[in-house]
Amino acid sequence: MELGASSRVLSNNTLLRFSPESTFRRRYQVPVNPTSLNHHQRRFSNASFQLSNSYSIRETTYKKVVNMSKVDSREFELSSLTALSPLDGRYWSKVKDLAPYMSEYGLIYFRVLVEIKWLLKLSKIPEVTEVPSFSEEAKSYLQGLIDGFNMDDALEVKNIERVTNHDVKAVEYFLKQKCQSQPEIAKVLEFFHFACTSEDINNLAHALMLKEAINKVMFPVMDKLIKALCEIAKDNANISMLSRTHGQPASPTTLGKEISVFAIRLGRERQEISQVEIMGKFAGAVGNYNAHLSAYPDVNWPQITEDFVKSLGLSFNPYVTQIETHDYMAKLFYAFVRFNNILIDFDRDVWGYISLAYFKQVTKAGEIGSSTMPHKVNPIDFENSEGNLGKANEDLSFLSMKLPISRWQRDLTDSTVLRNMGGGLGHSLLAYKSALQGIAKLQVLYKC
């Protein structure tokens with residue numbers, strides 16, 4: 001509103017000025033004679049001058065914004081400098097390992113995988129006579145589409161989506177185009193998406209995204225973090241340390257014991273995360289196999305789809321609506337929040353121990369500890385870790401609270417927020433790496 005008002009004023013080459021002094025006089029019928037102004041009125045008079053100056057500054061700022069808007073938009077295409085999220089900009093190098101799984105590319109890839117695997121499954125069902133068993137050549141061709149999927153393929157899907165305005169349908173059309181040249185598969189192109197609602201494809205794709213990202217990216221870094229704490233605890237098992245309760249000196253303890261507390265706590269939560277069942281559904285538009293039974297009433301579709309979901313390495317959820325209920329996601333993300341909370345506790349404790357000179361931080365050659373105080377080495381790694389854990393927990397907690405809620409048999413709000421899963425994991429990953437970086441710089445100074 002303020003910018004809009006400035007626009008209208010500036011278009012008339014005038015500058016809007018508000019004088020609290022004149023308003024005060026009109027409201028309370030105070031004489032204009034300056035000698036009659038009391039202390040409060042003189043203050044309003046000064047405010048009028050200050051506000052006029054602030055509007056002059058705003059006018060200059062507005063003109064700069066107008067000039068910036070004239071810059072060629074190509075100069076603001078996505079890069080590390082123009083990314084809206086620091087995960088995709090400043091911190092990209094530390095979180096890019098998640099990109100093959102948690103990005104739009106990853107979502108498209110796993111959708112392709114699910115559609116192809118479903119067609120292969122249909123070819124093994126005798127009652128579905130329209131889809132006969134594929135030859136090894138045809139199977140190899142389909143598997144090649146999965147194994148050889150690349151960025152150009154993903155971009156082609158996005159190009160198709162511009163026409164269909166439907167992301168899952170774009171994947172189906174992409175596969176049909178790719179398979180027209182293969183004689184066997186060309187005869188059954190319409191069965192890629194047989195009896196499926198979009199959410200049948202999406203929920204399995206999201207489950208596979210999480211499964212792969214956690215197993216291949218998150219767990220290895222979490223394990224490194226826990227191992228690093230175990231090593232500190234072991235190396236300093238006999239180093240005495242004055243403990244602090246309520247911030248005050250208390251009874252003696254050992255550094256090794258205090259660090260081992262965090263290692264055990266984090267290890268326990270890591271184990272909890274690994275035990276969460278990643279689930280999937282494949283029961284059609286409202287979870288009742290309506291289209292399946294209408295086409296092939298003699299097929300045991302609940303068993304067929306259970307086998308299919310399990311073949312992808314997922315657990316099967318038979319009681320669903322149009323969507324998988326997302327309860328496992330809530331459990332999974334809350335488990336990450338607990339892990340992250342323990343790490344926040346560690347970050348703050350180590351920050352305090354550094355402040356008490358229990359630890360010294362060893363920097364690399366060329367690193368700057370403070371921009372203006374060269375004698376300082378700020379504990380920025382632990383502060384960065386704490387800050388990113390807070391952001392991660394905010395994202396993960398929201399997902400945990402929102403995803404299990406969907407109106408009747410489904411609404412689209414889950415689809416909207418599921419695209420933000422990468423943010424919670426990304427900030428968590430960044431925090432784990434920051435903590436590891438800080439731990440590597442620690443040097444024990446204090447000994448009782």
Side-chain angles (χ1 to χ4, degrees), residues 102 104 106-119 121-122 125 128 157 160-161 164-176 190-211 276-297 299-333 398-422:
M102 302 307 298
E104 183 79 0
L107 177 58
I108 294 172
Y109 167 76
F110 285 113
R111 282 169 171 164
V112 167
L113 183 150
V114 172
E115 295 269 13
I116 290 175
K117 293 292 186 181
W118 178 233
L119 183 64
K121 181 66 176 178
L122 290 173
I125 304 173
V128 184
V157 173
I160 297 172
E161 185 185 342
T164 63
N165 197 31
H166 196 291
D167 48 4
V168 176
K169 206 66 178 175
V171 170
E172 180 188 348
Y173 287 179
F174 166 79
L175 289 172
K176 288 179 178 179
E190 297 304 322
F191 281 84
F192 268 117
H193 202 68
F194 169 74
C196 296
T197 185
S198 295
E199 192 56 24
D200 285 331
I201 308 302
N202 282 336
N203 91 96
L204 297 183
H206 287 131
L208 292 170
M209 290 166 68
L210 283 171
K211 182 173 180 286
V276 175
E277 287 186 276
I278 308 297
M279 307 194 77
K281 58 85 66 172
F282 212 72
V286 292
N288 298 334
Y289 304 101
N290 302 65
H292 306 68
L293 292 169
S294 178
Y296 301 99
V299 174
N300 185 351
W301 288 112
Q303 186 61 55
I304 291 291
T305 54
E306 180 177 356
D307 293 342
F308 174 64
V309 171
K310 288 183 175 179
S311 73
L312 300 175
L314 306 172
S315 296
F316 181 65
N317 187 353
Y319 297 101
V320 294
T321 57
Q322 185 176 107
I323 65 172
E324 200 286 321
T325 55
H326 304 317
D327 296 327
Y328 85 84
M329 287 188 178
K331 185 176 182 180
L332 177 68
F333 295 145
F398 171 72
L399 290 169
S400 298
M401 291 185 290
K402 168 65 199 86
L403 287 174
I405 301 170
S406 185
R407 295 173 181 87
W408 294 335
Q409 280 64 57
R410 88 112 4 137
D411 61 44
L412 203 63
T413 55
D414 66 319
S415 178
T416 303
V417 301
L418 278 168
R419 292 183 181 272
N420 293 309
M421 291 191 301

Is it true that K176 and E172 make a salt bridge, defined as a side-chain N closer than 4.0 Å to a carboxylate O? yes

To the nearest 0.5 Å, tell me how far L314 CG sits from E306 CD. 12.5 Å

Measure from the side-chain N and O atoms of K169 to the backbone N and O of E161, and report whether any donor-acceptor pair falls under 3.5 Å. no

Show the numbers, then the answer: is there a side chain to side chain contact (heavy atoms under 4.5 Å, CB included) between F282 and V114? CA-CA 11 Å; F282 212 72; V114 172; 4.3 Å; yes

Against L208, only a single residue in L113, I278, L107 fulfils side chain to side chain contact (heavy atoms under 4.5 Å, CB included); can you say which? L113

Hey, does the side chain of W301 reach the backbone of Y289 with a donor-acceptor pair shorter than 3.5 angstrom? no

Would you say the side chain of F316 lies within less than 4.5 Å of the side chain of T305, judging by non-hydrogen atoms? yes

Distance (rounded to the nearest 0.5 Å) between N203 CG and S198 OG: 11.5 Å

Approximate separation, where rounding is to 0.5 Å, of R111 CZ and L204 CG: 12.0 Å

Report the distance from atom OH of Y296 to atom CG of L122, rounding to the nearest 0.5 Å. 8.0 Å

Okay, side chain of H326, backbone of E324: is any donor-acceptor separation there less than 3.5 Å? yes

Residues V309 and S315: closest non-hydrogen pair is CG1-O, 3.6 Å

For atom NZ of K117, decide whether the heavy atoms of other residues, nucleotides or ligands shown that lie under 6.0 angstrom number more than 12. no

Can you tell me how far apart CG (D414) and CD1 (I405) are? Round to the nearest 0.5 Å. 11.5 Å

Mind running side chain to side chain contact (heavy atoms under 4.5 Å, CB included) on L403 and F333 for me, showing each step along the way? CA-CA 11 Å; L403 287 174; F333 295 145; 4.0 Å; yes

Apply side chain to side chain contact (heavy atoms under 4.5 Å, CB included) to residues H292 and V299 and explain how you reach the verdict. CA-CA 8 Å; H292 306 68; V299 174; over 6 Å; no

Return yes if some donor-acceptor pair links the side-chain N/O of D200 with the main-chain N/O of T197 below 3.5 Å, else return no. yes

Quick check for you: to the nearest 0.5 Å, what is the distance between M329 atom CE and S400 atom OG? 10.5 Å

Is the backbone of F308 close enough, under 3.5 Å, to the side chain of S311 for a donor and an acceptor to pair up by distance? yes

So, does N288 use its side chain to make a donor-acceptor pair with the main chain of N290 at under 3.5 Å? no

Determine the interplanar angle of the W118 and F194 rings, folded into 0 to 90°, and report it as parallel if under 30°, tilted if 30 to 60°, perpendicular if over 60°. parallel

Does NZ belonging to K402 count more than 12 external heavy atoms closer than 6.0 Å? yes

Would you check, one step at a time, whether the test side chain to side chain contact (heavy atoms under 4.5 Å, CB included) holds for V168 with H193? CA-CA 10 Å; V168 176; H193 202 68; 3.8 Å; yes

